[in-house]
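This report refers to the structure that appears directly beneath it.
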Amino acid sequence: MLRDKIRADIEQVMKTLGFIFNDRYTVEEPKNPEHGDFSTNIAMVTCKLNKMRPIDLAEKIAAAFSRKRDYKSVEIAGAGFINFTMSNYVFHQLMPVLMYSDYGTSTYGEKKKVILEFVSANPTGPLNVVSARASAYGDTLFRVMQYIGFEPFREYYVNDAGNQVDILAESVELRYRELHGEKIREFPAEAYNGEYIKDIAAHLNAIDGSKLLHYSEKDRLERMKNFALDEIHNMQVSSLDNFGVDFENWMSEQKLRQEGSIEEVLSYLSEANVTYEKDDAIWFESTKFGDEKDRVLMRADGTITYIVPDIAYHLTKYQRGFDIIIDVLGPDHHGYVPRLMAALEALNYDKDKLEIVFLQHINLLSNGEMVKMSKRTGRIVTMQELIDDVGKDAARYFFLDRKPNSHLNFDFSLAKKASAENPVYYIQYAHARICSVMVKAKKAKMSLDNFDLKSLKKLDKKEEIKLIKKMLSFTDVLILIADKREPHRLASYTLELAGMFHKYYNAHKIINPRYEDISRCRIFLISCIKNILGISLELMGISAPTSMKKKSKK
RNA sequence: GCGCCAAUAGCUCAGCUGGAUAGAGCAUCGGAUUUCUAAUCCGAGGGUCAGGGGUUCGAGUCCCUUUUGGCGUGCCA
């Protein structure tokens, strides 16, 4: 927010002085507070353009700034940095916006339509912790984008057709027949073997009883497939709901197929002249577009491979008019990107609109030992278990607070124990603490009614200015998150703000009956902090409690 | 073999389009409550940013290379 002002001032000075510049320079907040509030490298970046030594150029620019009231001091340091220290009133003047309940919103996104596809786990079992990571990531990115003026749309693609779901049906069938006294000697290795399959079979049996035994195999499996898909879908929806995640749309592959999209894709590709027949199969010449080998579209037996509906699905994203298409995928899918891109290119779609974000795997540990997860064997830790044990808030924070592209180790048993030490409590505590102080303030008859904004100048402590600065940078953080698709930055930002508050709280008394003016200014300040913590938590899908229940110490 | 991703403190991880003395939490050790919630705060120790080159005023960040690990390289999805 302030950064824009500094940039504008810098460019105005450069123009007045007749110096050449481009937008390659930066304005940033130096780590070292001795270097002022903001710092720019413009003299170093443009010295060659202006044929001057960086120091000399910096001198001239700084001199022009010294006449501006908003700047307390402008100094040159290092190889040619220009360090700005703002007058305190600049911060104070901006403070009222920090109180707005929609502080940070903007029109930055220009109503661009964004489709965010995430989770999209196979409908063959309960969601696992990997989906929890995807949920936390996708949903928070969605909320932030929406907050700053994009028009995002959450979508879950359901692979409810094809091989995997046939195996699902067969797995249910085995358990069903078991219920009817049949002994299954050896459960096939490729079948789904989790307890939930038994539950589904039992549920189905409770409804249909033994009548399915008299169906033809085809009809029976069809019934089992649809029943299981339904049950699992409900399980997934409920876990996601418990995690605070909703989708605008669930796109069914079955439906896509029924609508004839498969035939469409096949004919488009053949019209584009990029298919051929070999070994009785139909191939897509994806190598023409950078893929490492050609891909089969239709097998000799007339069934299609998964990539056809996948292409069809992606075409709908274009046809529905999205400006930005974001796929959030697991790392085991990166091999498939080139063939998808190849298809888009072959069909003349703008592949630059499609962005793929890869979330790296989670190494799940239990008591320090690696847990191998597999849906088939049923050895998985489900998202629901995670929510039950760690709590929605902590779980969301935990999975959000790391950049998408790094692997992460998650010790499940540790997380259960350590939940009280989770940073999310630190943040929530800051929020609750402020609420509590405000209740106290009310009792002390110190309200913000008739508050004179001019008195804010009494907030002149170093920590106070730092806090205001931090809050003013919130708008920049949100933009950065949306642009770089990195919602983990919100977790870090919120943690930092909470930390700054806790330090401030310990260093300075907020309510002091002897200094009512200052007290009221401080109440104003912490109200702003509370506001922004609340907004951040809401964007992360984490609750903002007004009080914390004390847990007994161990 | 080829391709993608990663490697930062004992552990888990940050590090904004390249910026000045690389940070936080946990763990370890030592302190703080006549005071608005101690789920807090203050302090200490702890680093060859995997190794080596390069680009430039300046590299944890960009490029090349080596090493290590994960994943991919199906007519599974």
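Convention: sequence-line order gives letters A, B, ...; per-chain numbering from 1. From a predicted model like this one, the values you see are computed outputs, not experimental measurements.
- Between the P atom of B/G25 and the CZ atom of A/Arg402 lies a distance of 16 Å, rounded to the nearest Å.
- Below the 3.5 angstrom threshold, one finds no donor paired with an acceptor across the side chain of A/Asn409 and the base of B/U12.
- Atom NZ in A/Lys443 sits roughly 13 Å away from atom C1' in B/U37 (whole-Å rounding).
- For A/Lys503, counting side-chain heavy atoms from C-beta on, the closest listed nucleotide (B/G74, B/G72, B/C41) is B/C41.
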Distance-only check: which donor-acceptor pairs under 3.5 Å involve side-chain atoms of residues 50-57 of chain A, not counting sequence neighbours?
from	atom 1	to	atom 2	distance (Å)
A/Asn50	OD1	A/Ile20	N	2.7
A/Asn50	ND2	A/Ile20	O	2.9
A/Asn50	ND2	A/Thr46	O	3.0

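- Taking atom CZ of residue A/Arg24 and atom C1' of nucleotide B/C62, one finds them 12 Å apart after rounding to whole Å.
- Regarding A/His508, its NE2 atom lies at a distance of 15 Å from the C1' atom of B/U40, rounded to whole Å.
- Proximity of A/Arg485 to A/Pro404: side-chain heavy atoms (C-beta onward) are nowhere separated by under 4.5 Å.
- No N or O donor and acceptor, one from the side chain of A/His333 and one from the base of B/G72, sit under 3.5 Å apart.
- What separates NE2 of A/His361 from P of B/A6 is a distance of 15 Å, to the nearest Å.
- Nucleotide B/U40 has B/A32 as its partner under the Watson-Crick or G-U criteria, with both atom distances under 3.5 Å.
- Of the candidates B/G15, B/C36, B/G19, B/G19 carries the atom nearest the A/Met44 side chain, counting heavy atoms from C-beta on.
- In this model, a side-chain donor or acceptor of A/Asn41 finds a partner on the base of B/G19 within 3.5 Å.
- Taking a cutoff of 4.0 Å between a charged side-chain nitrogen and a carboxylate oxygen, A/Arg522 and A/Glu464 qualify as a salt bridge.
- Taking the P atom of each, B/G58 and B/G18 are spaced 16 Å apart, rounded to whole Å.
- Judged by atom type and distance alone, A/Asp160 does not reach the base of B/A77 through any side-chain donor-acceptor pair under 3.5 Å.
- Separating the NZ atom of A/Lys403 from the P atom of B/G15 is a distance of 5 Å, rounded to the nearest angstrom.
- Nucleotide B/U17 is matched to nothing when pairs are restricted to Watson-Crick or G-U wobble geometry with both distances under 3.5 angstrom.
- For A/Ser39 against B/A20, a side-chain N or O and a base N or O form a donor-acceptor pair under 3.5 Å.
- For B/A77, there is no paired nucleotide, since no Watson-Crick or G-U wobble pair has both relevant distances below 3.5 Å.
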Give every donor-acceptor pair under 3.5 Å between a side-chain atom in residues 440-448 of chain A and any protein atom, sequence neighbours left out.
from	atom 1	to	atom 2	distance (Å)
A/Ser447	OG	A/Asp449	N	3.2
A/Ser447	OG	A/Asp449	OD2	3.4

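- For B/C4, the paired nucleotide is B/G70, the pair qualifying as Watson-Crick or G-U wobble because both relevant distances are below 3.5 Å.
- The distance between atom CD1 of A/Ile356 and atom P of B/G72, rounded to the nearest whole Å, is 17 Å.
- Using a 4.0 Å cut-off between charged nitrogen and carboxylate oxygen, A/Glu486 and A/Arg489 count as a salt-bridge pair.
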